[in-house]
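Atom set for the values below is all heavy atoms of this structure, side chains included, hydrogens, waters and symmetry mates excluded. Because the structure is predicted, anything quoted here is derived from the model rather than measured.
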Amino acid sequence: MAITTLREAIEAHVHDGETVALEGFTHLIPFAAGHEIIRQGRRGLRLVRMTPDLVYDQMIGAGCADRLTFSWGGNPGVGSAHRVRDAIENAWPGPLAINEHSHAGMAAAYVAGASRLPFGMLRGYLGTDLPLVNASIRSVTCPYTGEQLATVPALNPDVTILHAQKADRAGNVLLAGILGAQKEAGLAAKRLLVTVEEIVEDLGTPMNGIVLPHWVVTAVACVPGGAWPSYARGYYSRDNAFYIAWDEISRDRTAFTAWIDRYVRGTADFPAFIAALRADGARP
Amino acid sequence: MSGGARPGWSPDEMMTVTAARMLWDRCVCFVGIGLPSAAANLARLLHAPDIVLIYESGTIGTRPDVLPLSIGDGELAETASAVVPLPEIFAYWLQGGRVDVGFLGAAQVDRYGNLNSTVIGPYAKPKTRLPGAGGAPEIAIHAKQVFVVLKQSPRSFVAELGFRSSGGFLEGHGARARSGAPGAGPQAIITDYGVMKPAEGSEEFELVARYEHVTVAEAVAATGWPLRVAASVAILAPPQTEELEVLRDLHRRTREANSRPVKLPV
């Protein structure tokens, strides 16, 4: 485990063509890390995420990925993830192959990955067409009852990236609130990068609070606000107005690219990104 | 014309109120975002104070003061009786058979209550790529029953789904039961024209109730398959003053919350 800068963490641990999962289910989405991947111009990533929403809209629109494993892709409560749609429908800025699941299937695949099992199992996908378009959704016969159960191959990303509230100086990481499949995605990965709101002397973790111990964490970078426009419980709330505003920014290729060029590619790091947005009165 | 062309309330309000009335106190309801979430919370604020609302983000028994924009807004966690990891919500709580009602929306539905929320046009070369199934396939399988809320038009109520994201009664005539799905499947579709329920035997959805201001002929015309009509079609009571007031107040609080500036610690 190393405490480092976000730039160094992405330089050292995220490489072109790798399978990369940025997790966070509405809460604690690692936006700053996604931006740094765009800045460093990563290409050909095989992105994994249950809910590719704004962070993957940005990364896919910026040309970082050529494959996406997911179970729901949109701007929650607002509408389409326009850049993800444009990539699937029109291959812009490049073709995007998809590997589509249901949430329950993808959760089972992460659990299998964290458990180092070859596949996850569920009573799922009955009556859906998903297995017709995703050949990796198969079935197994229960050796005890004879029941047919759905299976999904384990997900084991090369790198999982999470955002969390706190780490201590040893690199133990605390998450609290809505957890999504972060713990499973983190433990399923070969390398685990975590951005945090702050680094503290003592985590003060409540019993059964979710801690990823330092010896499963590859690197920690302190990036306050790094989940914006999603949220970090106890630090700031979800910027729903920005999610609504993103619909307009992302609908048009030119407007989207101008936004990415000015605020992400045109800034050195996350604090500079926030400063540029503020300078333009474009929040937060 | 739309089923909701009516002074006094909007089609969305009419559908939300009608859907809310179908929920009962203490039922365990797995809620989708949007109109289902509004209906479930309206029920909680009116006649079902102890309804247990579960959102797929892992919040159990949540009592939000404002409607979440997303399935995992902080409001849902802060007001929940338990917050559990996402794999657990699907495995232990939904697949475990602990959900009474699954409340779903979709882009399209067919006569057997199968849903499409994935794609319009060919999957490999979509005309419109939709967000995808999310939690719905397994909600549709495991909830003891499912309610569907969807505005009616020949484009949304279709003879043939381009893609089946979530199973209803599949091909009807007992196909669902033979598939091994534990839940009873969709028991009502609430639209802006009225309510459809599955006919016994065929499991084909038929019109069983309509709003006062729409005719049966209009409901049939707004359906992309030859809609069967029950022998007796009930008239749904229009939204009552209290229902509308509570719903509008909820939406007003939500708008205020969504426009509140966020303070970042940087």
**Asked** Of the listed residues (B:Asn258, B:Leu67, B:Asp73), which shares the most heavy-atom pairs with chain A below a 4.5 Å separation?
**Response** B:Asp73
**Prompt:** Do you know which of A:Ile88, A:Leu122, A:Thr128, A:Val133 has the most heavy-atom pairs under 4.5 Å to chain B?
**Reply:** A:Val133
**Item:** A:Ile244 versus chain B, the contacting section by heavy-atom distance below 4.5 Å
**Value:** side chain
**Asked** So, B:Glu56 and A:His103: side-chain donor and acceptor under 3.5 Å apart, yes or no?
**Response** yes
**Request:** Heavy-atom pairs under 4.5 Å with chain B are the metric here; pick the option from A:Gly180, A:Gly77, A:Pro52, A:Ala107 that has the most.
**Result:** A:Gly180
**Message:** Tell me whether B:Lys144 at atom NZ has more than 12 heavy atoms from other residues, nucleotides or ligands lying less than 6.0 Å away.
**Reply:** yes
**Asked** Do you know which of A:Arg233, A:Glu197, A:Glu100 has the most heavy-atom pairs under 4.5 Å to chain B?
**Response** A:Glu100
**Prompt:** For atom CZ of B:Arg44, is the number of surrounding heavy atoms from other residues, nucleotides or ligands below 6.0 Å larger than 12?
**Reply:** yes
**Message:** Between A:Trp228 and A:Phe270 (judged by ring centroids, cut-off 6.0 Å), do the two rings come close enough to count as a pair?
**Reply:** no
**Request:** Apply the test side chain to side chain donor-acceptor pair (under 3.5 Å) to residues A:Tyr263 and A:Asp280: give CA-CA distance (whole Å), side-chain angles for both, the deciding distance (0.1 Å), then the verdict.
**Result:** CA-CA 10 Å; A:Tyr263 299 113; A:Asp280 290 358; 2.5 Å; yes
**Complete:** So, the part of B:Thr128 with a heavy atom under 4.5 Å from chain A: the answer is both
**Message:** Distance to the ring centre below 6.0 angstrom and angle to the axis at most 45 degrees; does that hold for A:Arg238 and A:Tyr243?
**Reply:** yes
**Structural part of A:Gln148 lying under 4.5 Å from a heavy atom of chain B** = neither
**Complete:** To the nearest 0.5 Å, atom CG of A:Leu54 lies from atom CD1 of A:Ile29 at 8.0 Å
**Asked** Considering only heavy atoms, which portion of B:Leu170 lies under 4.5 Å from any heavy atom of chain A: side chain, backbone, both, or neither?
**Response** side chain
**Fill in**
In terms of heavy-atom pairs under 4.5 Å with chain A, the winner among B:Ala136, B:Gly72, B:Gly132, B:Gly34 is B:Gly72
**Asked** Is it the backbone or the side chain of A:Ala104 that comes under 4.5 Å from a heavy atom of chain B, or both, or neither?
**Response** both
**Winner by heavy-atom pair count (cut-off under 4.5 Å) against chain A, out of B:Gly167, B:Gly134, B:Pro261, B:Gly180** = B:Gly134
**Asked** Which bit of A:Tyr125 comes within less than 4.5 Å of chain B, counting heavy atoms only: side chain, backbone, both or neither?
**Response** both
**Among the listed options A:Gly120, A:Ser71, A:Ala241, the residue most often paired with chain B at heavy-atom distances under 4.5 Å** = A:Ser71
**Prompt:** Which region of A:Ile98, side chain (C-beta onward) or backbone (N, CA, C, O), has a non-hydrogen atom less than 4.5 Å from a non-hydrogen atom of chain B, or is it both or neither?
**Reply:** side chain
**Leading residue by heavy atom contact count with chain A [cutoff under 4.5 Å; candidates B:Ala124, B:Ser165, B:Ser37]** = B:Ser165
**Asked** Which answer fits A:Tyr110, side chain, backbone, both or neither, if we ask what part of it has an atom under 4.5 Å from a heavy atom of chain B?
**Response** neither
**Asked** Looking at A:Phe70 versus A:His101, is the centre-to-centre ring distance below 6.0 Å?
**Response** no
**Message:** Taking side chain as everything from C-beta outward and backbone as N, CA, C, O, which of these in A:Glu89 sits under 4.5 Å from a heavy atom of chain B? Side chain, backbone, both or neither.
**Reply:** both
**Per-residue contact mode, A:Arg123 against chain B (heavy atom under 4.5 angstrom)** = both
**Prompt:** B:Thr59 versus chain A, heavy atoms under 4.5 Å apart: side chain, backbone, both or neither?
**Reply:** side chain
**Asked** Which region of B:Val83, side chain (C-beta onward) or backbone (N, CA, C, O), has a non-hydrogen atom less than 4.5 Å from a non-hydrogen atom of chain A, or is it both or neither?
**Response** side chain
**Request:** Can you tell which part of B:Tyr123 gets under 4.5 Å to a heavy atom of chain A, answering side chain, backbone, both or neither?
**Result:** side chain
**Asked** Are the side chain of A:Thr69 and the backbone N or O of A:Val48 linked by a donor-acceptor pair below 3.5 Å?
**Response** no
**Asked** CZ of B:Arg155: more than 12 outside heavy atoms within 6.0 angstrom?
**Response** no
**Request:** Output every pair passing salt bridge (charged side-chain N to carboxylate O under 4.0 Å, His left out) with a member in residues 116-125 of chain B, not counting sequence neighbours, ordered by first then second residue.
**Result:** none
**Message:** At a 4.5 Å cut-off on heavy atoms, which part of A:Met106 comes close to chain B: side chain, backbone, both, or neither?
**Reply:** neither
**Item:** Residues A:Asp53 and A:Trp72: side-chain donor-acceptor under 3.5 angstrom
**Value:** no
**Request:** Could you tell me which of B:Gly121, B:Ala91, B:Pro131, B:Ser117 has the largest number of non-hydrogen atom pairs under 4.5 Å with chain A?
**Result:** B:Pro131
**Request:** Please check if any side-chain donor atom of B:His173 sits under 3.5 Å from a side-chain acceptor atom of B:Glu204, or the reverse.
**Result:** no
**Region of A:Pro224 in contact with chain B, defined by heavy-atom distances below 4.5 Å** = both
**Message:** Assess, by modelled atom type and distance only, whether the side chains of B:Asp12 and B:Ser10 contain a donor and an acceptor separated by less than 3.5 Å.
**Reply:** no
**Max heavy-atom pair count under 4.5 Å with chain B, selected residue of A:Gly124, A:Ser237, A:Gly127** = A:Gly127
**Prompt:** Side chain, backbone, both or neither: which part of B:Pro182 has a heavy atom under 4.5 Å from chain A?
**Reply:** side chain
**Message:** Tell me whether B:Glu256 at atom CD has more than 12 heavy atoms from other residues, nucleotides or ligands lying less than 6.0 Å away.
**Reply:** yes
**Complete:** Under 4.5 Å to a heavy atom of chain A? For B:Glu78 that would be side chain
**Message:** Side chains of B:Thr62 and B:Thr79 only: does a donor on one sit below 3.5 Å from an acceptor on the other?
**Reply:** yes
**Request:** Quick one: which of A:Ile178, A:Val111, A:Asp129 has the most heavy-atom pairs under 4.5 Å with chain B, could you say?
**Result:** A:Asp129
**Prompt:** Among B:His142, B:Arg176, B:Arg260, who wins on heavy-atom pairs under 4.5 Å with chain A?
**Reply:** B:His142
